[in-house]
Structures are given as structure tokens and as C-alpha cells.
Amino acid sequence: MPELPEVETVRTLIAPHVRDRRIVGVTVGAFTGVVESPLPANPVSLLTGATILDVQRRGKYLIFQLDTGLWMTVHLRMTGRLIVCRTGDPAIRFEHIAFHLDSGEDIRFGDQRKFGRVTLLDEDHVASLESRLGPEPFDPDLTGPVLHPRLARRTGSIKGALLDQRLIAGLGNIYVDEALWRAKIHPLQTANRIDEETLARLLDAIRSVLGSAIEHQGTTFSSFENPYGEAGGNARFLKVYGRSKTDGTCDRCGGQLQRMVVAGRGTTLCPTCQRIDPSQIPGDDFDSANDVGPGLQMQGGKRR
DNA sequence: ACACTGCCCTGCGAGC
DNA sequence: TGCTCGCAGGGCAGTG
């Protein structure tokens with residue numbers, strides 16, 4: 001699942017191939033829904049002939065700045081890939097759209113599950129997208145005391161809050177689980193019951209986990225590939241995500257990891273390191289958090 | 001304003 | 001071996 005580190009890896013590697021390159025043609029495959037736009041004109045015709053000035057990242061979005069005053073965003077969602085290849089090369093797996101550049105290279109977008117989108121926006125729509133996203137995790141202005149009031153009305157779990165892109169942009173299921181483990185916070189902890197000091201520790205953990213993942217060019221758990229078709233190297237550094245089904249032990253205390261569903265997402269944690277007072281569990285999740293079965297059981301903690 | 005559910009989509013592993 | 005079933009989850013719309 002591409003989250004901030006994976007999207008940043010794609011941005012870094014793709015930038016030298018697209019910067020100051022003109023899009024001389026666009027080929028859309030059978031799944032035409034991959035490209036969309038709120039603008040009245042056909043996005044493919046608006047893209048053809050445009051020159052890419054730069055590619056930025058905001059949260060999990062890649063944002064290509066065009067010389068026409070328009071902007072193209074790419075969201076990889078779960079299984080999307082952007083691949084660099086030569087024009088005329090055979091289609092990549094699950095290819096949906098190809099951008100032919102004046103360099104003789106192509107940028108191809110493929111997505112097994114057709115969740116990812118290429119979107120053409122004008123300046124107002126980009127501003128609207130920007131306004132819906134919270135601060136970047138590495139924004140130096142983002143501190144414990146800044147985050148604290150923003151969580152004041154959040155009565156749900158801290159995990160649910162961290163997955164909300166309006167609070168902080170760029171976190172997904174993998175790095176939320178990793179950061180909470182590192183900060184020793186239970187995913188079910190009520191968001192507005194966490195003090196400033198703990199939030200500062202959580203921010204440190206988020207930055208550490210994301211920084212390490214960027215350094216290792218992202219996590220490949222199932223499908224992520226960089227623009228050269230290579231896997232990321234961060235999976236072996238993960239402490240909890242995806243580990244409950246393998247060795248299932250906590251690197252810090254040696255205890256058994258536990259799996260449960262939090263905020264509708266599969267969640268792995270160490271019940272020993274990430275303790276929680278039952279009174280701090282939001283709503284009717286009380287039962288599921290107390291259902292501390294063996295860590296390896298399938299769907300452990302899920303009710304019913 | 002926030003929380004929750006269902007939807008989109010398909011490869012894959014589990015179970016029979 | 002081959003089938004069916006349900007899980008994986010980011011963002012969004014709809015509902016409460």
C-alpha cells in the first residue's frame with residue numbers, strides 16, 4: 001500500500017524523467033475511468049502537448065505542475081504503480097494510461113484493482129485539495145502542543161484519527177501501526193485523552209518510522225514497486241505490521257503480538273508494550289480490547 | 001464536526 | 001485439482 005514513503009520514493013525517482021518534458025501523446029486503455037477531471041474539457045486533450053515543470057508530493061498525492069497552468073494529480077491508492085519505460089515497450093501489467101514524453105520515454109500507470117486515479121485540476125481545485133489535507137508529518141510547525149487542540153473533539157481511537165488525512169497527511173495503515181508501537185500507544189486509545197507530551201512522542205515516532213521507510217525506498221508488502229519496477233527495502237524493518245502471521249513476537253519485549261480490527265483496519269500491536277486503561281477505550285470497543293486472545297489467532301479481537 | 005458503513009476492485013490464500 | 005469464499009484497504013458519499 002503506497003503511503004507517504006512509497007509516494008515520496010516514486011516522486012524522487014520519477015522527477016528527473018519528467019521535469020521539463022513535453023507530453024507528446026497520451027494512450028488510455030480499456031478502463032477509461034482511470035483519468036478524470038472536474039473541468040469541462042477532455043482531460044486527455046488538455047494533457048497532450050503540455051510540458052511538465054515539476055512533480056511534487058502532498059500526502060499520498062503526486063502533483064505534476066504543467067506549463068498550461070493546470071495540475072495533474074496521481075493517487076496510487078492500494079495497488080497503483082507508475083513505471084518509467086521506453087515508448088513502444090510492451091504494456092506493463094494492468095496498464096491503464098501511458099504518457100509519451102518528448103524524450104522517447106513513457107510514464108505508464110498500472111493498477112490491478114483500478115482504485116488509483118489520474119486527475120486533471122486547475123489552480124482552484126488544487127487549492128481545494130490542499131485545504132482538505134492536514135499538515136505534512138515533517139512540517140516543523142507540527143508539534144505536540146499544535147496537535148493537541150486539533151484532537152480535542154475526537155472521541156474515536158487515535159488510530160482512526162491518524163488515518164484521517166485531514167489531521168495529518170500521508171499516513172496509512174502500515175505506518176500508523178508502526179508509529180503507535182514505537183510510541184507505546186495502544187491503537188484504541190481515545191484520541192482526545194492523549195496529553196501534549198505523549199503526542200510529541202508520537203510525532204517523533206511518526207517521523208522516525210517515515211524517515212526510515214523513505215531511506216529504504218518504501219515498504220513492499222505485496223505490490224509496491226518503484227518506477228523501475230523494483231521492490232522497496234523497508235519490509236524487513238517493520239516491527240508489527242504484517243508480523244502477527246509470521247513470527248508474531250515483539251522485538252522489544254518478546255511478548256506475543258496481537259491482531260485486532262481498529263477503525264475498520266487490520267491492526268497489529270504488542271499488548272504488553274502498548275497498554276491501555278479500559279476506561280480510555282472509545283465507545284463499545286471496550287469488549288474487543290479486552291478480548292486479548294492469543295496474538296496469532298486469526299481475526300483476534302474481532303467481535304461476534 | 002465527528003463516527004460509522006458501504007462501495008469500489010481483484011489476486012490470493014484458506015477451506016472443502 | 002479445482003472450486004468458492006472472504007480478506008486486503010484509501011478515499012469518498014451517505015447517514016446518524
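Because only heavy atoms are used, hydrogens play no part in the values below, and waters and symmetry mates are left out as well, while side chains stay in. Chain identifiers are assigned alphabetically (A, B, ...) following the order of the sequence lines, protein sequences preceding nucleic acid strands; residue numbering begins at 1 within each chain.
For Thr155(A) and dA3(B), the shortest distance from a side-chain N or O to OP1 or OP2 is below 4.0 Å. For His75(A) and dG10(C), the shortest distance from a side-chain N or O to OP1 or OP2 is not below 4.0 Å. Phosphate proximity of dA1(B) to Arg154(A): absent, as no side-chain N or O sits under 4.0 Å from OP1 or OP2. For Gln112(A) and dC9(B), the shortest distance from a side-chain N or O to OP1 or OP2 is not below 4.0 Å. Contact annotation: Lys60(A) reaches the phosphate of dG11(C) (side-chain N/O to OP1 or OP2, under 4.0 Å).
Between Asp164(A) atom CG and dC12(C) atom P there is a gap of 11 Å when expressed in whole angstrom units. At whole-Å resolution of the value, CD1 in Ile158(A) and P in dA3(B) are 11 Å apart. Put simply, CD on Glu6(A) is 14 Å from P on dG9(C), counting in whole angstrom units. Atoms NE2 (His125(A)) and C1' (dC12(C)) sit 16 Å apart, rounded to a whole Å. Atom CG of Asp177(A) is separated from atom C1' of dG10(C) by 15 Å (rounded to the nearest Å). Note: CG (Asp111(A)) to P (dG10(C)) measures 13 Å, nearest angstrom. Distance Leu167(A) CG to dC2(B) P: 9 Å, rounded to the nearest Å. Arg113(A) places its CZ atom 13 Å from the C1' atom of dC7(B), with the value rounded to the nearest Å.
Ring to ring, Phe99(A) and His17(A) are not that close: their centroids are 6.0 angstrom or more apart.
For Tyr61(A), the side-chain atoms get nearest to dG11(C) when compared with the rest of dG11(C), dC2(B), dG9(C). Distances from the side chain of Arg153(A) to the nucleotides dG10(C), dT10(B), dC2(B) place dC2(B) closest. Proximity note for Leu163(A) (side chain, C-beta onward) versus dG10(C), dA8(C), dC2(B): the nearest is dG10(C). Closest to the side chain of Arg259(A), from the set dA8(C), dT10(B), dG11(C), is dA8(C).
A cation-pi arrangement is found for Arg252(A) relative to Trp181(A), the charged atom lying closer than 6.0 Å to the ring centre and inside a 45° cone about the ring normal. In this structure, Arg113(A) forms a cation-pi arrangement with Phe115(A), its terminal cationic atom sitting closer than 6.0 Å to the ring centre and no more than 45° off the ring axis.
When only modelled atom types and interatomic distance are considered, Thr79(A) and Asp111(A) share a side-chain donor-acceptor pair under 3.5 Å. Side-chain N/O atoms of Thr87(A) and Asp106(A) include a donor and acceptor closer than 3.5 Å.
A donor-acceptor contact shorter than 3.5 Å is absent between the side chain of His100(A) and the backbone of Ile23(A).
Between the side chain of Arg265(A) and the base of dG10(C), at least one donor-acceptor pair of N or O atoms lies under 3.5 Å. Taking only distance into account, the side chain of Arg77(A) never meets the base of dG9(C) through a donor-acceptor pair shorter than 3.5 Å.
For the pair Tyr241(A) and Arg132(A), nearest-nucleotide mapping onto DNA chain C gives the more 5' position to Tyr241(A). Each of Phe31(A) and Arg166(A) was assigned the nucleotide of DNA chain B with the nearest heavy atom; the assignment lying further toward the 5' end belongs to Arg166(A).
We find that the ring of Phe115(A) and the base of dG10(C) stack, their centres lying under 5.5 angstrom apart and their planes tilted less than 30°.
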